[in-house]
There are 2 protein chains.
Amino acid sequence: MTANTTAACCAPIAREPLAESDAAELAGLLKAVADPVRLRLLSMIGSHAGGEACVCDLTDAFDLTAPTISHHLKVLRTAGLIDGERRGTWVYYRIVPETVNKLGALFAPLAEPELVTV
Amino acid sequence: MTANTTAACCAPIAREPLAESDAAELAGLLKAVADPVRLRLLSMIGSHAGGEACVCDLTDAFDLTAPTISHHLKVLRTAGLIDGERRGTWVYYRIVPETVNKLGALFAPLAEPELVTV
DNA sequence: CTATCATTTAGACAGGTTTCAAAGCAGGAG
DNA sequence: CTCCTGCTTTGAAACCTGTCTAAATGATAG
């Protein structure tokens, strides 16, 4: 179609127009992380020693009630970004790297902002 | 080859807990792209020949009214993800790579040993 | 100046989100 | 068994979003 003279740059999102179905799926994932509390939860879980974190640790880090934290964890779990398991009294969550990678792949390699000027 | 080899693990989000202020800023950015229409708009603008796209092209690709598209473009513009300019009759939008890179840097290097060598 | 096309703004409405209090479940301790 | 603690579910209130129609603004042509 075109000369495509600026090929050495583009993140997937800027390489070709996103298909409608892909956009819908990715938007669902992005909605799950597009919240300050859930971003911090995801970060806390992912950076916790052993790769997993107990809900009790997470709840104490916020000025929010336990049901609210539980709700946010459910959103992340439903989106497939985290996975939870009960061991005895406590419930532990860990990250699902495959799903997180989908997000990374979306915007990732947008190289240096040295684009061809107009 | 031992000079700061980014290990096969951690995206910034999984390296250390996100600060509250960073989480708020990033969540704002993510909210702007967490919509199928806006994702496709961003992708269309970024992948368009010349690095910019006219609103008229964008509007025709959706089953939505012009005001709705305009609303979504405003959200992307307010978030700093795109930048618009009027030239004569038409308004042209282009991507702001710096802002998009912030998103790429968040989830990017999580466990995928694929190296960018282009 | 008037007509017309392209885009944005304003106002309104249905539907979804975030949050909390209260109640419900599941394990462990006494 | 009974109680207590950790976590989830439910139900409801306040708020935010996506979409539309109608109207305003900007630019160009006649």
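From a predicted model like this one, the values you see are computed outputs, not experimental measurements. Order of the sequence lines fixes the chain letters, A, B, ..., with proteins taken first and strands second; residue numbering starts at 1 for each chain.
Closest heavy-atom contact between B:L103 and B:L81: CD1-CD2, 4.3 Å. For the pair B:A61 and B:M44, the tightest heavy-atom approach, listed with the atom from each and the gap, is CB-CE, 3.4 Å. Looking at every heavy atom in both residues, A:A53 comes nearest to A:L58 through CB-CD2, 4.2 Å. The minimum heavy-atom distance between B:A23 and A:P36, with the atom names listed, is CB-O, 3.8 Å. Considering all non-hydrogen atoms of both residues, A:A105 and A:P12 come closest at O-CG, 2.8 Å. The heavy-atom pair separating B:R87 from B:E85 by the smallest distance is NH1-OE1, 3.2 Å.
Regarding contacts with the backbone of D:dG6, every side-chain N or O of A:Y92 stays at 4.0 angstrom or more from both OP1 and OP2.
Atom NE2 of B:H71 and atom OG1 of B:T65 lie 10.5 Å apart (nearest 0.5 Å). Taking CD1 of A:I82 as the start and CD1 of A:I45 as the end, the distance is 4.0 Å to the nearest 0.5 Å.
Annotation: cation-pi pair B:R77/B:Y93 absent, no NZ/CZ under 6.0 Å from the ring centroid and within 45° of its normal.
Atoms CG (B:D35) and P (D:dC16) sit 18 Å apart, rounded to a whole Å.
Of the residues in residues 38-64 of chain A, A:R38, A:D63, A:L64 come within less than 4.0 Å of DNA chain C through at least one heavy atom, sorted by number. If you check residues 68-79 of chain B against DNA chain C, the residues with a heavy atom closer than 4.0 Å are B:S70, B:K74, listed by number. Of the residues in residues 82-91 of chain B, those placing a heavy atom less than 4.0 Å from an atom of DNA chain C are B:T89, B:W90, B:V91, in numerical order.
Remark: the backbone N or O of A:A32 is paired with a side-chain donor or acceptor of A:R38 at under 3.5 angstrom.
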